[in-house]
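One-based numbering, in listed order, for ligands and for the atoms of each. These numbers come from the heavy atoms of this one structure, side chains and all, not from hydrogens, waters or symmetry mates.
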Amino acid sequence: MYKKEISKAVINRLPRYYRYLGDLLEKDVVRISSKELSEKMKVTASQIRQDLNNFGGFGQQGYGYNVEYLHSEIGKILGLDTKYNVIIIGAGNLGQALANYVDFERRGFFVKGIFDISPKLIGTQIRGNVVRNSEELEEYLKTNKVDIAAITVPKTKAPGLAADLAKWGIKGIWNFAPTDLNLPKDVTVENVHLAESLMKLSYKLSGKDEVNI
Ligand code: NAI
């Protein structure tokens with residue numbers, strides 16, 4: 001959509017802009033200046049202007065930004081105007097927590113299937129989704145459109161599972177298993193590692209955090 005190459009750092013900041021603008025929308029705020037947005041978000045106003053200029057800049061001199069427009073444009077950049085079908089593989093503690101979280105739907109991510117290998121879990125229900133046997137996965141993917149597979153299985157199982165998913169046509173993997181996945185280039189992997197975030201917190205608490213990481 002946007003021909004210009006956008007840096008990873010900017011893309012990483014967009015979800016935060018999106019969240020703040022969503023909060024403003026809920027409070028019926030119609031427009032906001034980069035200065036006000038900067039005070040709220042604790043990012044410099046020039047950073048905000050620079051970031052948003054990447055997309056042609058949605059602001060107007062003397063008016064600021066139209067909150068609804070900016071929210072919707074950032075949503076489009078993030079691909080949130082699309083609906084995504086998600087499956088969760090591994091219905092243990094984390095898989096169940098993800099499946100029970102309703103807010104993903106508000107952002108266009110719909111959990112359509114949950115899979116596990118445990119006979120104790122297969123057949124049980126999580127928010128209206130029956131946990132299916134993982135052995136049915138290949139067949140399920142032939143007949144259902146799935147955009148994203150969340151991997152919440154033990155780390156030893158994740159690489160093999162991810163390779164199978166890639167072979168069966170999955171293009172987006174939300175990987176929670178603490179292991180790197182080596183997959184073909186046309187598969188996009190987003191790793192989520194809470195422990196790494198904790199390690200960063202630990203580093204900051206240790207007082208060595210002179211540069212904000
Ligand atoms: P858990 O043991 O509660 O759940 C794992 C589930 O995967 C079990 O129900 C098991 O039957 C199932 N499973 C095993 N092999 C499978 C397969 N081939 N296909 C389908 N299901 C399979 O574990 P928990 O606590 O839910 O953690 C799951 C994964 O998430 C682990 O790899 C863990 O290290 C990771 N994790 C990651 C976090 C993060 O921040 N990224 C935070 C917490 C856990």
Applying salt bridge (Lys or Arg N to Asp or Glu O under 4.0 Å) to Asp147 and Lys145, what does each step give before you reach the verdict? CA-CA 7 Å; Asp147 307 294; Lys145 178 182 170 287; 2.9 Å; yes
Supply the members, apart from Val189, of the Ile/Leu/Val/Met/Phe/Trp/Tyr cluster built from side-chain contacts under 4.5 Å; use none for a lone residue. Ile87, Ile89, Phe115, Leu137, Tyr140, Leu141, Val146, Ile151, Val153, Leu161, Leu165, Trp168, Ile170, Ile173, Leu181, Leu183, Val187
Between the protein and ligand 1, are there any N or O atom pairs that come within less than 3.5 Å of each other, and if so, what are their names and distances?
from     : atom 1 : to     : atom 2 : distance (Å)
ligand 1 : 3 (O)  : Asn93  : N      : 2.9
ligand 1 : 3 (O)  : Asn93  : ND2    : 3.2
ligand 1 : 9 (O)  : Asp116 : OD1    : 3.4
ligand 1 : 9 (O)  : Asp116 : OD2    : 2.7
ligand 1 : 11 (O) : Asp116 : OD1    : 2.6
ligand 1 : 15 (N) : Lys157 : NZ     : 3.2
ligand 1 : 19 (N) : Ser134 : OG     : 2.9
ligand 1 : 26 (O) : Asn93  : N      : 3.1
ligand 1 : 26 (O) : Leu94  : N      : 2.8
ligand 1 : 32 (O) : Val153 : O      : 2.7
ligand 1 : 40 (O) : Leu194 : N      : 2.6
ligand 1 : 41 (N) : Phe176 : O      : 2.9
ligand 1 : 41 (N) : Val192 : O      : 2.5

Looking at side-chain heavy atoms only, is the closest gap between Ile126 and Val131 below 4.5 Å? yes
So the side chain to side chain donor-acceptor pair (under 3.5 Å) pairs with at least one residue in residues 98-126 (sequence neighbours excluded) are Asp103-Arg106, Glu105-Arg127
Clusters formed by hydrophobic residues whose side-chain heavy atoms approach within less than 4.5 Å: which one holds Leu194, and what are its other members? none
So, Lys35 and Glu39, do they make that salt bridge, N to O below 4.0 Å? yes
